[in-house]
Amino acid sequence: MIDKAEREIVRKIALLNALNYSGKAQFQPVLGKLLTEKPQLRPRIKELSPVIQQIVAEVNKLSLEEQKKIVENSWPEALVKTKVEVERTLPALPNVDKYERVVTRFAPNPDCMLHLGSARAIVLCDEYAKTYKGSFRLRLEDTDPRLKRSALPFYDAIPVDLKWLGCKWDMEIIQSDRLPAYYEYAEKLLASGGAYVCTCKSEHFRKLVTANKPCPCRDLPVAEHLTRWKYMLNGTYKEGEAVVRMKTDLSHPNPAVRDWPALRIINPKKYPHPRVGNKYRVWPIYNFSAGLDDHLMGVTHIIRGKEHLTNQTRQEYMYKHLGWKYPEAIHYGRMKIEGGLLSKSKIVEGVKKGAFTGWDDPRLATFIALRKRGILPETIRRLIIEVGPKTVDVTLSWENLYAINRKLLDPTANRYFFVRDPRKLKVTKIPETMTAQLALHPDNPKLGSRELKVEPQRGTADFWITTQDANLLKKGEVVRLMGLFNTRIEDAKAGIVAASFLSKSHEEARKLGAPLIHWLPAGTGIPCEVVMSDATVARGIAEDRCRELKPDNVVQFERFGFVRVDSINWKMTAYYAHR
Ligand SMILES: [Zn+2]
């Protein structure tokens, strides 16, 4: 028997779950949470399930207001935490309690590097699997060696990107390994009359099907189709001469749904497969292989773009023939990024033709390029979770992405000086050796500071300042060298800017409204190149302390922006992230 205390725990979890999902608690997450909190209850799941179901039903009868009130009165401390969770959780998945556990999948074609355009599918599927303590699975769809030909490097690159994004999957399949399984189901469907081998010319077939008429092949005896199938496999039929079609409703309003093609012949000599060579000549078409695998991989929730809505309609016919139940399908709207190139074909073409420096060209929104620029995986996850699985189309801007990234980076990124396009500034009348103590982080003194020492020779010292700053200086103007002293410009026209020491006080600079500029003692620093987001290169000198940085460190060059360190040897190379 379940006791009163246990009942109360379930009620609390159910109420909190309801608050997270606009008043509707879900059985599966409530059970999951209960077992996380009280693992000793695991052996009693059978006994507990009906009670949990009952409590969830009771909680769901209450209004959101009533639920809130109960939690406020009984467990006020829990509410604080819930609020934080609410900000970051996704809307509930439908019909979760119908399944033992939630299984989602991401199914890319390994014909391109992954990019932001895939982020929604990846993050939503992985995040939902994690939320429901279910499984996320990976399927590489490489069954079109003719038009959507995969390439070997992407088979390795895709898992690297997914791991970087923080995804965890417990099953990984490659469709080109599964031809025997597809053949088995093709035969099964041919034998049961769910599919047939059509040898009509495609224009002829299209004409008939547009007029809601069956082609002459459709109603031939099963034995004839099985013979034809053998001819497809053994080479009697050549490419284009026969196709396996799924039987659907010929009166379906969408002609593209009617008797869709499931498998076809591809000349293995002309189009060898990058992984399995010319081993196979009959290849499944998208809806056949994807539809079968979703069921065979145990996928319970398909989360994908709404351009797949018709595919669901097509595949449901096959599921019916096989006596299977179609998984829950969630179709989200299109996601664009302003000024960002998310078209796979254009990216592939640009990389091939050399319009981009490679897959990691900073102008691309590939994950490898974003990673190189110091965009954090957490940024991408947060961005996608904010967008969620809405059906409306969304257009994001790079600024959305940068704002999240900046928020994540800012608390820990060290500050350094980087003088871009350096120009010399000669300051006279400096009374003594001076040292600037600059914090590595303005809000985090624990990170320590860096020192820049200026040792004047007969009162004179040379500095590097940026050409951009130098161009704005005017004779008689006072500027403050950040953290060091105030100086008055004597001559800004010549190649070397001449100035004289004025005072040390920051207060005085403030009173005079003197601009603050960053600088380096001439003769110090490490040559530095920053690859900008438009693939141009900013050249200059970074302060000596940067020599201790490591590749992948993300730092902020003051008055310039956040950069990710790519390499450090005699010079430093970095990639620009954003302001
Ligand atoms: Zn036909």
Side-chain angles (χ1 to χ4, degrees), residues 141 143-149 175 178-271 273 278-295 308-324 326:
E141 298 188 337
T143 61
D144 187 351
R146 187 173 50 194
L147 293 177
K148 295 179 176 175
R149 196 165 192 274
Q175 287 190 321
R178 295 176 49 71
L179 274 285
Y182 303 137
Y183 290 175
E184 189 193 318
Y185 279 99
E187 248 168 75
K188 220 181 253 184
L189 285 156
L190 289 168
S192 70
Y196 60 99
V197 179
C198 169
T199 56
C200 300
K201 289 244 175 314
S202 56
E203 316 85 74
H204 182 58
F205 176 84
R206 205 170 305 131
K207 228 179 249 166
L208 289 168
V209 95
T210 311
N212 307 94
K213 287 195 184 116
C215 81
C217 321
R218 198 182 204 251
D219 294 320
L220 292 172
V222 164
E224 168 65 16
H225 290 304
L226 290 172
T227 307
R228 285 181 173 197
W229 170 243
K230 217 176 283 159
Y231 291 163
M232 282 180 79
L233 293 174
N234 71 14
T236 308
Y237 288 136
K238 303 278 176 278
E239 184 175 311
E241 289 180 356
V243 53
V244 175
R245 294 190 174 280
M246 198 61 55
K247 265 192 202 161
T248 65
D249 183 352
L250 287 176
S251 60
H252 192 280
N254 183 355
V257 168
R258 297 174 204 158
D259 288 17
W260 49 270
L263 300 106
R264 70 347 199 159
I265 300 163
I266 292 178
N267 184 340
K269 293 247 158 54
K270 215 162 148 194
Y271 304 103
H273 190 278
N278 51 18
K279 195 170 169 189
Y280 302 108
R281 55 196 321 275
V282 175
W283 287 93
I285 300 173
Y286 175 77
N287 280 295
F288 183 71
S289 42
L292 286 176
D293 282 341
D294 279 336
H295 176 86
H308 283 284
L309 268 167
T310 312
N311 288 333
Q312 176 175 352
T313 312
R314 289 189 182 109
Q315 291 170 24
E316 275 168 343
Y317 286 99
M318 177 169 75
Y319 272 67
K320 215 170 155 197
H321 295 319
L322 292 165
W324 294 348
Y326 201 75

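Every number for a ligand or one of its atoms is a count from 1 in the order of the listing. Just so it is clear, the values below take in all heavy atoms, side chains as well, and ignore hydrogens, waters and symmetry mates.
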Q) Are the aromatic ring centres of Trp260 and Phe205 under 6.0 angstrom apart? A) no

Q | N, O or S of His204 under 2.8 Å from the Zn ion (ligand 1) | A | no

Q. Can we say Asp144 and Arg264 salt-bridge, meaning some charged N sits less than 4.0 Å from an Asp/Glu carboxylate O?
A. yes

Q) Below 4.0 angstrom, N of the basic side chain to O of the carboxylate: do Lys320 and Glu316 qualify? A) no

Q. Quick one: angle Cys198 SG - the Zn ion (ligand 1) - Cys200 SG, to the nearest 10°?
A. 110°

Q | Cys217 atom SG and Cys215 atom SG as seen from the Zn ion (ligand 1), angle to 10 degrees | A | 110°

Q.
I'd like to know whether the aromatic ring centres of Tyr286 and His308 sit less than 6.0 Å apart in this structure.
A. yes

